[in-house]
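Whatever order the structure lists them in is the order used to number ligands and atoms, beginning at 1.
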Amino acid sequence: MNTKIDVLLGLQWGDEGKGKIVDVLTPAYDVVARFQGGPNAGHTIEFGNQKFVLHTIPSGIFNPGTQNVIGNGVIIDPVIFDQEITHLKSSGIDILSNVFISRKAHLILPGHRLLDAVYEKAKGKQKIGSTLKGIGPAYTDKAARNGIRIGDIGRKDFMEKYQKAKQRHLQLAGLFNADFETIKIEGYSFPAYEKLWLEKLELLKAFSQIDSEYFLNDALRERKKILAEGAQGTLLDIDFGSYPFVTSSSTTAAGVCTGLGIAPSNVGRVFGIFKAYCTRVGSGPFPTELFDETGERIRQEGHEFGATTGRPRRCGWLDLPALKYAVMLNGVSELKMMKSDVLSGFKEIKVATHYNINGKLSRQFPSNTEQAEIEPVYKSFPSWDEAIDHLTNFEQLPENLKAFIRFIEKEVGVPISLVSVGPNRNQTIMR
Ligand code: GDP
Ligand code: IMO
Ligand code: MG
């Protein structure tokens, strides 16, 4: 019989700590596979005195025995990919023999990055707060059947395809009267970025290109263990997130099937990861957001600044209606709670148990989060004074934190199997 693929994904608005936990779990897996998103992701991994932020490369890369797959659902920018591998190589990490890229994964073209900037500017106050990595335009071209895939690199007609796409992108940008001189991509003008992009494209040729659907299904038949690594979070999902303030891919467990070519019946455990509070970077609804010094304290204590863009993250209390919604959509079987250490020393901790929507109590995440007047109804918990970032055993945790954990488990109906108490690999308590 086949083994089944396990999934780890974010239950909030991203940045839950997916990179850290994939790295922690990797020694138990033969393969780690990214199934969606692109370099809008920033996954931080810390061990010893080293710190890495990965954007495209799966977080299993630090375990020499694990193969890392970039699935067909992912989109790749060769320039950012090159930055990642350069950093990893300089630290002695073997990339070439351990990273496999789907031929069906799409490329992010320089024109996609240009259009991302143009579209965001045109939205004015309604801007999404995109990471400007070209995500929306690249997935748009994929859906419109205009995309260019990794498997196209090196084919005779590649440059012809590229030039056609470029012309289309420049025409589109022209409709917005975009001023090309002022729009910068990673600090470069469009022509300079294009030159760099074409150079780095060559680099991609050195990597093993695979049909990841066959690679992974064969691995399952050989009873290998596979972990799928999500990017972004459930509340940024193109269908179920707080639309239109979302990303352009399927961030839920459903994305594993389309982003890797895995049948639903071959999905096993789903690990849902969440912070003991909430953060969001970019625009859009955030019912439990704090605008006071408590929010600022969470930001400072939790170092809540974007791993990809450096932007300050918006901070607020844990939102149970949103968490339960995410657990339902993903069929989460185990929860992993992150960053509890950040809440040490607070006078009180709050959790939203309901929403008051236009005078009516509700436990559901509304579909029109943008328009609805959502007022969270909170339950308050006493905090704990002591630092917990050195603890290694669940029983050692302060009683108030244990009570907080039990409350969440009871409300959500899913066990919390891991409590993270710091950014480092070894600051992880398994239950
Ligand atoms: P990802 O995108 O889900 O992989 O998460 P990010 O890497 O963007 O953001 C998570 C941040 O929190 C990173 O800076 C991590 O190093 C850090 N981190 C992860 N787990 C913990 C934890 O339990 N406690 C603290 N204090 N920091 C954590
Ligand atoms: P990881 O994998 C947090 C947010 C952006 C913006 C919206 C759309 O590190 O958790 P996009 O660039 O996709 O067009 O941006 O989604 N966003 C993220 N927020 N973590 C991420 O990834 C994110 N990727 C995109 O801030 O609001
Ligand atoms: Mg991140």
Quiz item: Does ligand 1 have any atom sitting under 4.0 Å from a heavy atom of Gly14?
Solution: no

Exercise. Using distance alone, determine whether Val342 and ligand 1 share an N or O pair under 3.5 Å.
Key: no

Practice problem: Report the relative orientation of the aromatic rings in Phe62 and Phe52; use parallel for angles under 30°, tilted for 30 to 60°, perpendicular for over 60°. | Solution: tilted

Quiz item: If you measure every N/O of Ser420 against every N/O of ligand 1, is any gap under 3.5 Å?
Solution: yes

Quiz item: Where on Lys20 is there a heavy atom closer than 4.0 Å to ligand 1, on the side chain, on the backbone, on both, or on neither?
Solution: side chain

Self-check item: His303 touching ligand 1 at heavy-atom level, < 4.0 angstrom
Solution: no

Self-check item: Region of Trp13 that comes within reach of ligand 2 [heavy atoms, distance under 4.0 Å]
Solution: backbone

Self-check item: Side chain proximity check, Ser59 to Val32, heavy atoms < 4.5 angstrom
Solution: no

Exercise. Give a yes/no on ligand 2: does Gly42 have at least one heavy atom closer than 4.0 angstrom to it?
Key: yes

Quiz item: Taking both backbone and side chain into account, is any N, O or S atom of Val53 nearer than 2.8 Å to the Mg ion (ligand 3)?
Solution: no

Self-check item: Within reach of ligand 2, part of Arg280 (heavy-atom separation under 4.0 Å)
Solution: neither

Practice problem: Tell me which part of Ile273 gets within contact of ligand 1: side chain, backbone, both or neither, using heavy atoms under 4.0 Å. | Solution: neither

Quiz item: Does ligand 2 have a heavy atom under 4.0 Å from the side chain of Lys133, from its backbone, from both, or from neither?
Solution: neither

Quiz item: With backbone taken as N, CA, C and O and side chain as the heavy atoms from C-beta onward, which portion of His55 lies under 4.0 Å from ligand 1: side chain, backbone, both, or neither?
Solution: neither

Practice problem: Quick one: report the N, O or S atom of Asp15 that is nearest to the Mg ion (ligand 3). | Solution: OD1

Self-check item: Which segment of Asp341 sits under 4.0 Å of ligand 1 when only heavy atoms are counted
Solution: side chain

Self-check item: 4.0 Å heavy-atom contact, Arg311 with ligand 2
Solution: yes

Quiz item: So is Gly42 in contact with ligand 1, going by heavy-atom distances below 4.0 Å?
Solution: yes

Quiz item: Does Ser283, backbone or side chain, put an N or O under 3.5 Å from an N or O of ligand 2?
Solution: no

Practice problem: Give the contacting part of Glu46 toward ligand 1: side chain, backbone, both or neither, where contact means a heavy-atom distance below 4.0 Å. | Solution: side chain

